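Please read the structure below before turning to the comments.
Order of appearance sets the numbers: ligands from 1, and atoms from 1 within every ligand. Keep in mind it's a predicted model, so treat the numbers as computed, not measured. All heavy atoms count here, side chains included; hydrogens, waters and symmetry mates do not.
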Amino acid sequence: MQHPFRSDHFIRQDESDDALFYREPRLVVHIDDQAIAAVGELFRDVFPPGDGGAGPAVLDLMSSWRSHWPRDLPKARLVGLGLNAVEMERNPDLDAHVVHDLNQDPVLPFGDASFDGVAITVSIQYLVRPVEVFREVFRVLRPGGAFLVIFSNRMFFTKAVRIWVMSGDGDRMELVAAYMELAGSFEGITRMYLNPDRGEMEDPVYAVVARKPVGPG
Ligand SMILES: C[S@@+](CC[C@H](N)C(=O)[O-])C[C@H]1O[C@@H](n2cnc3c(N)ncnc32)[C@H](O)[C@@H]1O
């Protein structure tokens, strides 16, 4: 598919090295408790327990000190990739982590078909080369594996790409779906509003979920 974006869609107010912005650990949550619960429920729906196996191997891209993985939900392995080692060392959900700047190098340091799932939680707005990263997500997913992009409406404005800052929540769902379509071969791209019953002052949570086809894709 032809790339419909212009390069100025992906400029940011703060174009300094991301490693500088994320040098100091931020041990804070970026969404409220009911939003975190909604994220956990999505993980539960996409990776149901009781398949008889050890649970999925999952990659938490743009990871910090919380992955919001439900305590009682089986997993074989949860690997974090982010910019701050201290944040990821404090993450009780992670089994391993790697520091890697996706805006410097969108190539993921993992083998082909090494994960059953990949999640990007409340961070997609910071990627300046999202389609390249999404192609890499496709590569590291096993056939049938799930890709979950979860977001709210909060952000570090100076580090978010312009097209995200200028869009409303519904447009952002379309934007993430477009990244997935442009990345090539994801199937079943589904847009979700995860907490329609939230209170007025609570954080909304949206997700776009897709899968790598089981057959040749
Ligand atoms: C708002 S926090 C979200 C953390 C976590 N996913 C969560 O759900 O709370 C944004 C995270 O994105 C990561 N990040 C930002 N820019 C990045 C980049 N260029 N490459 C890799 N990770 C990045 C940072 O390490 C930071 O912890």
Side-chain angles (χ1 to χ4, degrees), residues 10-44 46 58-71 73 75 78-110 115 117-137 140 147-165 172 176 179 194-195 202-209:
F10 294 98
I11 58 174
R12 300 164 298 167
Q13 202 174 310
D14 175 0
E15 288 286 6
S16 65
D17 194 341
D18 289 351
L20 293 174
F21 187 84
Y22 292 99
R23 189 172 46 193
E24 297 303 323
R26 291 183 177 81
L27 303 176
V28 296
V29 285
H30 301 282
I31 42 177
D32 60 30
D33 286 348
Q34 60 79 37
I36 289 170
V39 174
E41 286 310 304
L42 178 65
F43 287 145
R44 224 181 265 288
V46 174
V58 177
L59 173 61
D60 179 18
L61 270 189
M62 312 187 79
S63 183
S64 176
W65 75 311
R66 292 287 183 268
S67 297
H68 321 300
W69 189 266
R71 272 293 126 75
L73 183 62
K75 62 173 167 64
L78 185 59
V79 178
L81 180 149
L83 281 181
N84 189 288
V86 173
E87 290 177 3
M88 292 187 286
E89 278 156 17
R90 297 277 184 93
N91 187 326
D93 299 328
L94 294 181
D95 299 292
H97 67 265
V98 53
V99 173
H100 180 102
D101 187 335
L102 292 170
N103 287 339
Q104 298 270 352
D105 180 8
V107 177
L108 297 177
F110 306 105
F115 293 99
V118 177
I120 300 180
T121 309
V122 296
S123 304
I124 181 67
Q125 62 271 21
Y126 307 122
L127 288 181
V128 300
R129 291 148 78 183
V131 176
E132 288 168 71
V133 173
F134 281 28
R135 285 196 186 114
E136 278 291 292
V137 168
V140 303
F147 181 27
L148 300 78
V149 180
I150 303 160
F151 57 91
S152 185
N153 57 5
R154 295 206 231 163
M155 69 189 96
F156 302 126
F157 277 91
T158 57
K159 277 290 177 188
V161 295
R162 179 187 274 178
I163 194 166
W164 190 272
V165 174
R172 289 171 180 158
V176 173
Y179 295 164
L194 295 185
N195 54 357
E202 295 175 314
D203 296 327
V205 189
Y206 308 94
V208 184
V209 178

Is it true that a side-chain atom of [X] and a backbone atom of [Y] form a donor plus acceptor pair closer than 3.5 Å?
X	Y	result
Asp203	Asp32	yes
Asn91	Ser64	yes
Asn103	Val128	yes

Is the shortest side-chain heavy-atom distance between Tyr126 and Phe21 below 4.5 Å?
no
Taking the side chain as everything from C-beta on, heavy atoms only, tell me whether Glu89 gets closer than 4.5 Å to Leu94.
no
List, for ligand 1, each N/O atom that has a protein N/O partner under 3.5 Å away, with both atom names and the distance.
from, atom 1, to, atom 2, distance (Å)
ligand 1, 6 (N), Met62, O, 2.9
ligand 1, 6 (N), Thr121, O, 3.0
ligand 1, 8 (O), His68, NE2, 2.9
ligand 1, 19 (N), Asp18, OD2, 2.9
ligand 1, 19 (N), Asp101, OD1, 2.8
ligand 1, 19 (N), Asn103, ND2, 3.3
ligand 1, 20 (N), Leu102, N, 2.9
ligand 1, 25 (O), Leu83, N, 3.0
ligand 1, 27 (O), Ser63, O, 3.4
ligand 1, 27 (O), Glu87, OE1, 3.1

Determine, for Lys75 against Asp93, whether the closest basic-nitrogen to carboxylate-oxygen distance falls under 4.0 angstrom.
no
